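Fair warning: this is a prediction, and the values are worked out from it, not measured in the lab.
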Amino acid sequence: MTLVAEEVRIDVPVSGAPRRGVLTRLVARLGNGVVQVVLALVAVFWLVPVFGLLIASLRDESANTANGWWTVFTKPAELTLANYAELVANQAVWQSFLNTFYIAVPATVLVVVMASLASYALAWIEFPGRETLTVVVVGLLVMPIQVALIPVAKLFGALGLFGTITGVVLFHVAFGLPFAIFLLRNFFTGIPRDLIEAARMDGATEWVIFKRVILPVAKPAIASLTIFQFLWVWNDLLVALVFADQDSAPITVALRAQLRQFGTNIDMLSTGAFLSMIVPLAVFLVFQKYFVQGVLAGSTK
């Protein structure tokens with residue numbers, strides 16, 4: 001009996017390192033020199049159209065109409081800042097930049113704040129109908145935005161919100177919340193339950209738990225959501241065309257108004273595109289560290 005017991009004790013321990021996740025192995029392989037060279041070539045190839053658009057913004061209309069942007073390497077004298085000077089001097093464009101800020105910032109802040117609170121409730125607070133409400137939120141993701149344009153336009157018209165910045169912001173908030181709640185709730189449910197239960201045992205209220213436990217851990221997910229929401233609102237054209245009037249139109253609508261006959265003004269459109277790109281690029285650079293952490297969240301679990 002003693003021998004059998006010893007054999008059993010020998011077989012129980014399990015040795016070996018835990019298996020790494022697929023994403024973890026993929027990230028590790030990206031450190032390979034050959035892979036990095038390939039990724040660099042793909043990045044350069046991907047940036048060629050952007051570089052071409054930049055060169056087109058530095059050429060006048062006649063040069064862009066006569067030949068392609070690549071001829072600038074043999075004719076560098078074609079480069080000029082006249083397009084930027086003309087667009088900056090346009091008062092309507094400056095007002096549209098301000099309108100874009102007035103739309104994008106509130107729409108982003110409201111979505112992030114409301115989605116964070118709602119996601120915490122759906123993830124960690126027990127109440128009747130929680131699962132049903134979660135299914136409803138997920139179901140709203142499949143609703144096309146085009147379906148709601150006319151009904152919401154009639155509603156905003158009755159409420160006096162049609163053609164205002166407030167109306168555009170409310171529409172973006174309404175259609176941004178389902179995805180935001182879906183994203184944050186999935187992240188919140190991955191937080192260890194022991195952290196929540198320990199805080200509750202210490203007498204912390206739900207608000208204290210949300211503020212001091214959830215938010216510090218969820219910074220990567222919230223930063224990723226902030227970037228996505230801000231870019232969606234900043235680059236939106238359809239909603240602004242429907243709900244904004246001339247005085248509340250964002251930069252995308254203002255650039256569309258710069259179209260000449262037959263839409264041949266690539267010089268003005270490319271210039272406006274690069275001017276409007278500055279703010280989203282700055283937002284991404286500010287939240288870049290948290291964005292990468294959010295993308296890789298869960299890879300080591």
Side-chain angles (χ1 to χ4, degrees), residues 21-24 26-28 30-31 39 43 46-47 50 97 100-125 134 137-138 140-141 145 168-196 199 204 206-236 239 250-252 274 276-301:
V22 176
L23 187 56
T24 305
L26 178 61
V27 172
L30 291 180
L39 292 177
W46 188 273
L47 289 174
V50 179
F97 265 110
T100 310
F101 274 105
Y102 297 153
I103 294 172
V105 174
T108 302
V109 173
L110 288 175
V111 166
V112 172
V113 172
M114 296 172 65
S116 300
L117 295 172
S119 300
Y120 172 72
L122 293 175
W124 293 109
I125 298 179
T134 302
V137 171
V138 174
L140 291 175
L141 291 172
I145 192 174
V168 180
V169 171
L170 290 177
F171 192 93
H172 281 300
V173 171
F175 275 84
L177 278 175
F179 174 77
I181 295 175
F182 173 76
L183 176 68
L184 292 183
R185 180 190 175 276
N186 288 343
F187 188 91
F188 289 173
T189 54
I191 297 176
R193 179 178 293 273
D194 294 342
L195 293 177
I196 310 298
E206 297 296 340
W207 170 249
V208 173
I209 295 174
F210 174 76
K211 181 180 178 181
R212 298 187 178 181
V213 178
I214 299 297
L215 288 184
V217 177
K219 281 183 179 179
I222 294 176
S224 300
L225 174 61
T226 301
I227 294 175
F228 287 139
Q229 178 67 16
F230 187 86
L231 292 180
W232 287 337
V233 177
W234 185 274
N235 295 324
D236 170 71
V239 176
I251 185 63
T252 51
F274 272 93
S276 65
M277 191 187 303
I278 295 176
V279 175
L281 183 61
V283 171
F284 177 80
L285 292 177
V286 170
F287 292 98
Q288 181 182 13
K289 178 179 68 173
Y290 297 111
F291 177 76
V292 173
Q293 292 177 2
V295 171
L296 298 179
S299 63
T300 58
K301 293 183 179 179

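The two residues Pro192 and Trp124 have their closest heavy-atom pair at C-CH2, 4.5 Å. Of all heavy-atom pairs between Val233 and Ala107, the closest is CG2-CB, 4.1 Å. Residues Leu177 and Ala115 come closest through the heavy atom pair CD2-N, 3.9 Å. Of all heavy-atom pairs spanning Val169 and Pro106, the tightest one is CG1-CB, 4.1 Å.
Interatomic distance, NE2 of His172 versus OG1 of Thr108, reported as 9.5 Å (0.5 Å rounding). Atom CG of Asn235 sits about 10.0 Å away from atom OG1 of Thr100, to the nearest 0.5 Å. Rounding to the nearest 0.5 Å places CG of Asp236 at 12.5 Å from CG of Leu231. Residue Ile181 holds its CD1 atom at 10.0 Å from CG of Leu117, rounded to the nearest 0.5 Å.
The ring-ring contact (aromatic ring centres under 6.0 Å, His included) test applied to Tyr102 returns no partner, not counting sequence neighbours. Taking Phe182 as the reference, nothing meets the ring-ring contact (aromatic ring centres under 6.0 Å, His included) condition, with sequence neighbours excluded. Taking Phe188 as the reference, nothing meets the ring-ring contact (aromatic ring centres under 6.0 Å, His included) condition, with sequence neighbours excluded. Partners of Ser116 by side-chain contact (heavy atoms from CB on, under 4.5 Å), not counting sequence neighbours, listed by chain and number: Val112, Leu184, Phe210, Ile222. Remark: Leu183 pairs with Phe179, Leu225 by the side-chain contact (heavy atoms from CB on, under 4.5 Å) rule, at least two apart or across chains. Partners of Ala204 according to the side-chain contact (heavy atoms from CB on, under 4.5 Å) rule, which considers only residues two or more places apart in sequence or in another chain, are Ala199, Val208, Ile209. For Trp46, the ring-ring contact (aromatic ring centres under 6.0 Å, His included) criterion is met by no residue, not counting sequence neighbours. A search for side-chain contact (heavy atoms from CB on, under 4.5 Å) contacts involving Leu285 returns Leu281, Gln288, not counting sequence neighbours.
Counting non-hydrogen atoms of neighbouring residues, nucleotides and ligands closer than 6.0 angstrom, the CE atom of Met114 reaches no more than 12 such neighbours.
At least one donor-acceptor pair under 3.5 Å links the side chain of Trp234 to the backbone N or O of Ser276.
Residues Ile214 and Ile196 meet the side-chain proximity criterion, which asks for heavy atoms closer than 4.5 Å. The shortest side-chain heavy-atom distance between Val50 and Phe274 falls under the 4.5 Å cut-off.
Within the structure, every pair that satisfies the side-chain hydrogen bond (donor to acceptor under 3.5 Å, both in side chains) test and touches residues 206-218, not counting sequence neighbours, is listed here: Tyr120-Glu206, Arg200-Glu206.
Here the two rings, on Phe175 and Phe171, have centers that are under 6.0 Å apart.
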